Amino acid sequence: MKVIIPPRNRRFSTVDAMGLAGVVGLLVARYIPVARIIPFWGCVLREQTGWPCLGCGLTRVADRVSHLNFAGAWEANPLGTVAAIVFALAAVVMVLHLVFAMPIPQVELSPREWSVLGVVTPIIILVNYAYVVVKTRFPHLLL
């Protein structure tokens, strides 16, 4: 892994886009009760089959993270909680970058590191999904 520190700049980057999405998403989650005001909001798969989808719990995660209830967010969907926190941190970095021209380090991965990431990422997603399935379908198995 190689980390490159660019010169000070205010060029809009991927991290800034993530930060903007994080700000908008967390503000909506904080102040607009989406799950209550949109009649069709919910997981169709879970409603029809009783089984959760990969994204089950993400609305609760956004709501709970926006209210700083990290334990509740983790309970709803651990990987979603990590993602919401990353988006919130990206929002902080975005402000520092665009207001104070703080450089955003660029990370370059080697081909081997990309390969490892390509194997580890689906495993993490499957473990998270297994947790969500067990929590919703077989809660008695959790301690």
Side-chain angles (χ1 to χ4, degrees), residues 1-6 10-143:
M1 176 172 35
K2 187 160 75 170
V3 178
I4 301 165
I5 307 291
R10 287 189 171 98
R11 275 178 264 130
F12 197 79
S13 68
T14 304
V15 174
D16 297 317
M18 287 178 57
L20 186 59
V23 166
V24 170
L26 291 173
L27 285 174
V28 166
R30 177 75 170 102
Y31 296 108
I32 300 173
V34 175
R36 281 183 257 167
I37 63 174
I38 300 177
F40 58 83
W41 198 265
C43 180
V44 175
L45 180 68
R46 189 169 176 184
E47 289 172 6
Q48 297 299 317
T49 67
W51 289 87
C53 70
L54 284 172
C56 270
L58 294 183
T59 302
R60 284 172 283 150
V61 164
D63 179 59
R64 292 171 183 174
V65 167
S66 71
H67 288 87
L68 303 179
N69 178 0
F70 299 109
W74 185 266
E75 184 181 323
N77 189 314
L79 191 56
T81 304
V82 171
I85 291 170
V86 167
F87 276 98
L89 291 174
V92 172
V93 170
M94 175 191 72
V95 169
L96 293 173
H97 176 238
L98 296 178
V99 173
F100 300 108
M102 179 192 83
I104 297 175
Q106 299 169 349
V107 178
E108 291 182 7
L109 299 179
S110 70
R112 184 175 188 283
E113 291 166 335
W114 276 111
S115 296
V116 169
L117 191 62
V119 170
V120 170
T121 301
I123 292 171
I124 291 170
I125 292 169
L126 286 173
V127 167
N128 183 72
Y129 183 57
Y131 170 80
V132 172
V133 167
V134 168
K135 184 176 175 319
T136 58
R137 297 287 297 174
F138 312 103
H140 59 281
L141 296 177
L142 295 176
L143 299 175

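Predicted model only: the values in this text are computed from it and were never measured. Starting from 1, each residue takes its place in the sequence as its number.
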Look only at the side chain of [X] and the backbone of [Y], and say whether a donor-acceptor pair between them is shorter than 3.5 Å.
X: Thr121; Y: Gly118; result: no
X: Arg10; Y: Val99; result: yes
X: Arg64; Y: Gly72; result: yes

| query | What's the verdict on side chain to side chain contact (heavy atoms under 4.5 Å, CB included) for Lys135 and Glu75, showing C-alpha distance, side-chain angles and the deciding distance? | reply | CA-CA 9 Å; Lys135 184 176 175 319; Glu75 184 181 323; 3.2 Å; yes
Let me confirm one number: the [atom1]-[atom2] distance from [X] to [Y], rounded to the nearest 0.5 Å.
X: Trp114; Y: Glu108; atom1: CH2; atom2: CD; value: 10.5 Å
X: Ser13; Y: Leu98; atom1: OG; atom2: CG; value: 7.5 Å
X: Ile123; Y: Asn128; atom1: CD1; atom2: CG; value: 13.5 Å
X: Met18; Y: Leu89; atom1: CE; atom2: CG; value: 9.5 Å
X: Asp63; Y: Leu58; atom1: CG; atom2: CG; value: 12.5 Å
X: Tyr129; Y: Asn77; atom1: OH; atom2: CG; value: 11.0 Å

| message | Taking atom CZ as the centre, does Phe100 end up with more than 12 heavy-atom neighbours from other residues, nucleotides or ligands that are less than 6.0 angstrom away? | response | no
If we only count heavy atoms from C-beta on, is the [X] to [Y] side-chain gap below 4.5 Å?
X: Met94; Y: Ile104; result: no
X: Pro52; Y: Leu45; result: no
X: Thr136; Y: Trp51; result: no
X: Phe70; Y: Ile85; result: yes

| query | When you look at Asp16 and His97, which way does the side chain to side chain contact (heavy atoms under 4.5 Å, CB included) test go after all the steps? | reply | CA-CA 8 Å; Asp16 297 317; His97 176 238; 2.9 Å; yes
